[in-house]
**Q** 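Input: one structure, supplied below.
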Amino acid sequence: MFIKMEKMKYWLFKSEEQCFSYDDLLQMPDQKTHWDGVRNYQARNFMRDTMQIGDVGIFYHSGGTHPHAIGTVHIVRDGYPDFTAWDEHSEHPDPSSSPLSPKWFMVDIKAEKKFTQPVFLKNMRTIAELSDMALLRTGNRLSVMPIGQKHFEILCTLGFSSTV
DNA sequence: GCCAACGTTGGC
DNA sequence: GCCAACGTTGGC
């Protein structure tokens, strides 16, 4: 008997803090949400093709004066059509997507644990082991991106440490 | 298929 | 508010 164990993958979920924050996620029923509204093919492909239930992620707040990672999440439902695309009243309607021919996909994530202290972007840039993280590349605009296990562990170590 | 114009993102 | 980066659009 062969049971294929897929290797757990690591992701970063980016959201503008004033738009949807980690605290907002904690307020959601069952602390879950669907990661809707992504209208970028590369991010779409990650969610549709690569993410799996059980993968874990870092939640990152962009847009503020001090961008930072703020907690961990895990994926509780893998890729399925983003139904907000054919809702004309949604934030990101796209008439070219339909239930019969969905163009955009999303996953469901659930909050895991909020960091005891945020890990600031400014701090990340000083850490050599994080230098190859996609988030730190200038001009990166993906709201969902893969990171390495090493990146995930370093961010958790910093975020859950009790001293600065 | 090329490429300039345009819109959006996001750090600073 | 500015500007760099980059994806998308549309004319040709």
Side-chain angles (χ1 to χ4, degrees), chain A residues 9-28 33-51 55-73 75 78-109 111-112 114-148 150-159 161 164:
Chain A
K9 291 178 290 292
Y10 301 84
W11 304 93
L12 186 137
F13 291 84
K14 186 171 65 178
S15 179
E16 290 188 49
E17 185 170 10
Q18 64 270 35
C19 181
F20 187 82
S21 69
Y22 196 83
D23 285 341
D24 291 331
L25 179 60
L26 293 174
Q27 299 292 323
M28 300 290 284
T33 193
H34 38 258
W35 203 250
D36 61 278
V38 175
R39 302 291 180 260
N40 171 283
Y41 288 105
Q42 203 182 344
R44 188 274 311 262
N45 293 347
F46 286 140
M47 293 198 288
R48 188 190 59 184
D49 306 332
T50 319
M51 283 191 193
D55 287 357
V56 294
I58 298 285
F59 198 104
Y60 175 84
H61 285 162
S62 66
T65 51
H66 302 289
H68 56 275
I70 189 60
T72 60
V73 298
I75 289 158
D78 50 23
Y80 64 106
D82 181 347
F83 50 77
T84 69
W86 49 82
D87 173 4
E88 62 181 83
H89 302 296
S90 77
E91 299 275 318
H92 304 280
D94 181 355
S96 71
S97 188
S98 69
L100 284 178
S101 180
K103 184 173 181 180
W104 304 111
F105 286 72
M106 59 187 176
V107 297
D108 287 356
I109 62 169
E112 188 93 47
K114 188 175 180 179
F115 285 164
T116 50
Q117 58 183 0
V119 181
F120 294 104
L121 178 63
K122 196 176 172 185
N123 189 22
M124 293 180 204
R125 292 195 190 282
T126 68
I127 297 166
E129 295 94 325
L130 295 180
S131 62
D132 54 344
M133 198 164 55
L135 176 71
L136 303 188
R137 282 206 306 268
T138 53
N140 174 60
R141 293 157 57 181
L142 293 178
S143 69
V144 157
M145 70 190 85
I147 60 175
K150 180 185 66 178
H151 304 142
F152 181 85
E153 288 171 354
I154 290 170
L155 291 171
C156 286
T157 299
L158 294 168
S161 66
V164 180

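The chains referred to below are lettered A, B, ... by the order of the sequence lines, with proteins before strands, and numbering in each begins at 1.
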**Q** Going by the salt bridge (charged side-chain N to carboxylate O under 4.0 Å, His left out) test, which pairs reach into residues 35-46 of chain A, not counting sequence neighbours?
**A**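 Salt bridge (charged side-chain N to carboxylate O under 4.0 Å, His left out) check on residues 35-46 of chain A returns A:R39-A:D82.
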
**Q** Sequence neighbours left out, what passes side-chain contact (heavy atoms from CB on, under 4.5 Å) with A:R137? Give chain and number order.
**A**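 A:A134.
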
**Q** For A:W11 and A:F46, I'd like to know if the aromatic rings sit close, meaning centre-to-centre distance below 6.0 Å.
**A**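 That pair passes the under 6.0 Å test.
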
**Q** Taking the six-membered ring for Trp and the full ring for Phe, Tyr or His, determine whether the centres of A:W35 and A:F59 are under 6.0 Å apart.
**A**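 Yes, close enough.
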
**Q** Find the bend of the helix from B:dG1-C:dC12 to B:dC12-C:dG1 as the angle between its two terminal axes (five pairs each), to the nearest 10°.
**A**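 Computed angle between terminal axes is 10°.
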
**Q** Decide yes or no for A:L130 and A:L155: does some side-chain heavy atom of the first lie under 4.5 Å from some side-chain heavy atom of the second?
**A**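 They are in side-chain contact.
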
**Q** Want to settle it: does A:H92 or A:K122 sit nearer the 5' end of DNA chain B, counting the closest nucleotide to each?
**A** A:H92

**Q** Within the structure shown, what part of the strands sits under 4.0 Å from A:F120 by heavy-atom distance: base, sugar-phosphate, or nothing?
**A** nothing

**Q** For DNA chain B, find the residues of residues 123-134 of chain A with a heavy-atom distance under 4.0 Å and give them by number; none if there aren't any.
**A** A:R125

**Q** Taking salt bridge (Lys or Arg N to Asp or Glu O under 4.0 Å) as the definition, give me every residue that meets it alongside A:D94, ordered by chain and number, with sequence neighbours left out.
**A**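 Only A:K103 meet the salt bridge (Lys or Arg N to Asp or Glu O under 4.0 Å) criterion with A:D94.
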
**Q** Name all residues meeting the side-chain hydrogen bond (donor to acceptor under 3.5 Å, both in side chains) criterion together with A:D49; count only those two or more places apart in sequence or in a different chain, and write none if there are none.
**A**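 A:D49: no side-chain hydrogen bond (donor to acceptor under 3.5 Å, both in side chains) contacts found.
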
**Q** State which residues pass side-chain hydrogen bond (donor to acceptor under 3.5 Å, both in side chains) with A:N140; sequence neighbours excluded, sorted by chain then number.
**A**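 None.
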
**Q** Check salt bridge (Lys or Arg N to Asp or Glu O under 4.0 Å) between A:D23 and all other residues, then give those that pass, not counting sequence neighbours.
**A**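 Result, salt bridge (Lys or Arg N to Asp or Glu O under 4.0 Å) vs A:D23: A:K114.
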
**Q** Below 4.0 angstrom, which residues in residues 61-69 of chain A have at least one non-hydrogen atom near DNA chain B?
**A**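 The answer is A:S62, A:G63, A:P67.
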
**Q** Is the closest side-chain donor-acceptor distance between A:T84 and A:D87 under 3.5 Å?
**A** no

**Q** Extract, from 5' to 3' on DNA chain B, the first and final nucleotides lying under 4.0 angstrom from some heavy atom of chain A.
**A** B:dG7 to B:dC12

**Q** Name all residues meeting the salt bridge (Lys or Arg N to Asp or Glu O under 4.0 Å) criterion together with A:K9; count only those two or more places apart in sequence or in a different chain, and write none if there are none.
**A** A:D55

**Q** By salt bridge (Lys or Arg N to Asp or Glu O under 4.0 Å), which residues pair with A:D108, not counting sequence neighbours?
**A** none

**Q** When you compare the side chain of A:V56 with that of A:T72, does any pair of heavy atoms fall below 4.5 Å?
**A** no

